[in-house]
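Nothing here was measured: the structure is a model prediction, and the numbers come from that model. In what follows, chains are A, B, ... by sequence order, proteins preceding strands, each numbered from 1.
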Number of protein chains: 2
Amino acid sequence: MKKDFSTLDKQLCFAVYETAGEFTKLYTSVLKPFGLTYPQYLVLLALWEHDRITMKELGELVGLGTGTLTPMISRMQEKGWLRKERSVEDERNVHVTLEKKAHNEKNTITERVNEEIQLCNIALSEYEELMARLNELHSKLRERTKL
Amino acid sequence: MKKDFSTLDKQLCFAVYETAGEFTKLYTSVLKPFGLTYPQYLVLLALWEHDRITMKELGELVGLGTGTLTPMISRMQEKGWLRKERSVEDERNVHVTLEKKAHNEKNTITERVNEEIQLCNIALSEYEELMARLNELHSKLRERTKL
DNA sequence: CACGATTTAATCGTATACGATTCAAATTAT
DNA sequence: ATAATTTGAATCGTATACGATTAAATCGTG
């Protein structure tokens, strides 16, 4: 009984680790021509939905802390995807706003990504099933942290 | 139709990314007292099963390239978990062998990890379902790469 | 046997990640 | 209103990651 769980733990942590790695590689290859990395693309996805938000809000949306986000957003600013502006009302906040480049290339990028995903022949049901399981695990992992 | 897939893509890439992150954090907190990181633990798991293998073989087992593995294994050597030895028969190969410390602490570490995982209350069936889906995705991602 | 092709590690450059610390601005409490 | 606390970003130190390049050893074929 205990042994079963132990073996599953091992298999699961490898499965999550390696699948995430492969996933990253797929996105990396597709995004490279646009000069984007996978995490940067996630930031764009978040901002395409909610433009002009603070670093803190953005961090919560993509699940990243300031230590990772600050230098990453600066790099994206240098490349012209967005700009950072210190808030006037509350100078602790920094608003992140998309530049024209990000709006203009949105369709091209997302279509190219979807094109590549289609090549994997993943059925709709598979998607939904996997996502449901991941979210289940995700919420249980976060619950535990709060104890 | 296309829209459905596009939305799912977005959700799935976030789900994979964030779940992997939470997973890493859980392991990180458990492993920190032992002076281990999550990827280093995966290396130990691989070596506990197959001791004395080459860097290349180890890289295949954990899904990491030499650029990541070389410095990581060196750090683990400095901490006394293992040692690197240039092969005599074929000097291109470097064998990685576990030190006593790794054997001695094996049970303590794995038991502590399992203890923490149990706290998440993940049912056996959930494990199996999730893992099956992850492996499905994993193999489809790798298939695509080979085209 | 020689020499080009291949294999295996190491190294380099760039980009994440995260916890801890620092610092300035804003809010709260006295 | 000023001190104490809290908050939001930036910074620092350490450890991954990965593709590309380099270097050394071995192999394969003429």
Side-chain angles (χ1 to χ4, degrees), chain A residues 16-43 53-79 81 84-96 145, chain B residues 13 16-43 53-60 62-79 81 84-96 145:
Chain A
V16 171
Y17 186 72
E18 293 186 1
T19 305
E22 289 294 332
F23 212 73
T24 300
K25 280 179 201 166
L26 181 149
Y27 277 84
T28 298
S29 71
V30 174
L31 296 167
K32 184 155 191 165
F34 298 103
L36 284 171
T37 65
Y38 181 41
Q40 290 174 1
Y41 173 67
L42 294 179
V43 164
I53 54 179
T54 65
M55 292 291 282
K56 182 183 171 64
E57 291 164 334
L58 182 57
E60 281 161 3
L61 284 176
V62 296
L64 287 175
T66 157
T68 305
L69 219 50
T70 296
M72 184 173 138
I73 295 301
S74 296
R75 275 188 291 272
M76 291 180 77
Q77 177 169 23
E78 282 161 22
K79 292 212 172 188
W81 294 107
K84 293 162 76 170
E85 294 166 311
R86 185 68 64 172
S87 168
V88 187
E89 313 93 57
D90 186 338
E91 294 203 25
R92 285 172 305 182
N93 293 313
V94 170
H95 292 299
V96 180
T145 307
Chain B
C13 68
V16 170
Y17 185 72
E18 293 186 1
T19 305
E22 288 295 331
F23 212 73
T24 300
K25 279 180 201 166
L26 181 150
Y27 276 83
T28 298
S29 72
V30 174
L31 296 168
K32 182 154 190 163
F34 298 104
L36 284 173
T37 65
Y38 181 41
Q40 289 174 3
Y41 172 67
L42 294 179
V43 163
I53 54 180
T54 65
M55 293 289 282
K56 181 186 174 62
E57 289 164 334
L58 181 56
E60 281 160 4
V62 295
L64 288 174
T66 156
T68 304
L69 219 50
T70 297
M72 183 174 140
I73 295 303
S74 296
R75 276 188 291 271
M76 291 181 76
Q77 177 168 24
E78 281 159 25
K79 292 213 171 186
W81 294 107
K84 293 162 76 172
E85 294 166 310
R86 187 67 67 172
S87 168
V88 187
E89 314 93 54
D90 186 338
E91 294 202 24
R92 287 172 305 182
N93 292 313
V94 170
H95 293 298
V96 180
T145 307

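Atom NZ of Lys56(A) and atom P of dA24(C) are 20 Å apart (whole Å). With rounding to whole Å, Leu31(A) atom CG is found 14 Å from dA15(C) atom P. As rounded to whole Å, 12 Å separates atom P of dA10(C) from atom CG of Leu58(B). Put simply, CD on Glu57(B) is 15 Å from P on dT7(C), counting in whole angstrom units.
Heavy-atom nearest nucleotides on DNA chain D were determined for Val94(A) and for Lys32(A), and the one closer to the 5' end corresponds to Val94(A).
Between Thr28(A) and dG19(D), a side-chain N or O to OP1/OP2 separation shorter than 4.0 Å is absent. When the side-chain nitrogen and oxygen atoms of Thr54(A) are compared with OP1 and OP2 of dA9(D), one or more of them lie within a distance under 4.0 Å. Here Asn93(A) reaches the OP1 or OP2 of dA9(D): one of its side-chain N or O atoms lies under 4.0 Å away.
Taking the side-chain hydrogen bond (donor to acceptor under 3.5 Å, both in side chains) definition, one finds that Arg86(B) meets it with nothing, sequence neighbours left out. Scored by the side-chain hydrogen bond (donor to acceptor under 3.5 Å, both in side chains) test, Glu78(B) finds no partners at all (sequence neighbours excluded). Taking the salt bridge (Lys or Arg N to Asp or Glu O under 4.0 Å) definition, one finds that Glu85(A) meets it with Arg52(A), Arg83(A), sequence neighbours left out. With sequence neighbours excluded, the residues that form a side chain to side chain contact (heavy atoms under 4.5 Å, CB included) with Glu57(B) are Ile53(B), Thr54(B).
Of all heavy-atom pairs between Met55(B) and Val96(B), the closest is SD-CG2, 3.7 Å.
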Anything under 3.5 Å between a donor and an acceptor, one on a side chain of residues 65-76 of chain A, the other on a protein residue two or more places apart or in another chain? List them.
from     : atom 1 : to       : atom 2 : distance (Å)
Thr66(A) : OG1    : Thr70(A) : OG1    : 3.3
Thr70(A) : OG1    : Thr66(A) : O      : 3.1
Ser74(A) : OG     : Thr70(A) : O      : 3.0
Ser74(A) : OG     : Lys84(A) : NZ     : 3.3

Validation: residues 35-42 of chain B side-chain donor-acceptor distances under 3.5 Å, sequence neighbours left out:
from     : atom 1 : to       : atom 2 : distance (Å)
Thr37(B) : OG1    : Gln40(B) : N      : 3.3
Tyr38(B) : OH     : Cys13(A) : O      : 3.0
Gln40(B) : OE1    : Thr37(B) : N      : 3.2

Contacts under 3.5 Å, N or O only, protein and nucleotides 21-24 of chain D:
none

Tabulate protein N/O versus nucleotide N/O from nucleotides 16-18 of chain C, keeping only pairs under 3.5 Å, one per line.
from    : atom 1 : to       : atom 2 : distance (Å)
dT16(C) : OP1    : Thr37(A) : OG1    : 2.3
dT16(C) : OP2    : Gln40(A) : NE2    : 2.6
dT16(C) : OP2    : Arg75(A) : NE     : 3.2
dT16(C) : OP2    : Arg75(A) : NH2    : 3.4
dA17(C) : OP2    : Tyr17(B) : OH     : 2.2

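Taken to the nearest 0.5 Å, the CD atom of Glu22(B) stands 10.5 Å off from the OG1 atom of Thr28(B).
For Arg86(B), the listed nucleotide lying nearest its side chain is dA9(C); candidates were dG19(C), dT26(D), dA9(C).
Among pairs with a residue in residues 24-37 of chain B, none fulfils salt bridge (charged side-chain N to carboxylate O under 4.0 Å, His left out), at least two apart in sequence or across chains.
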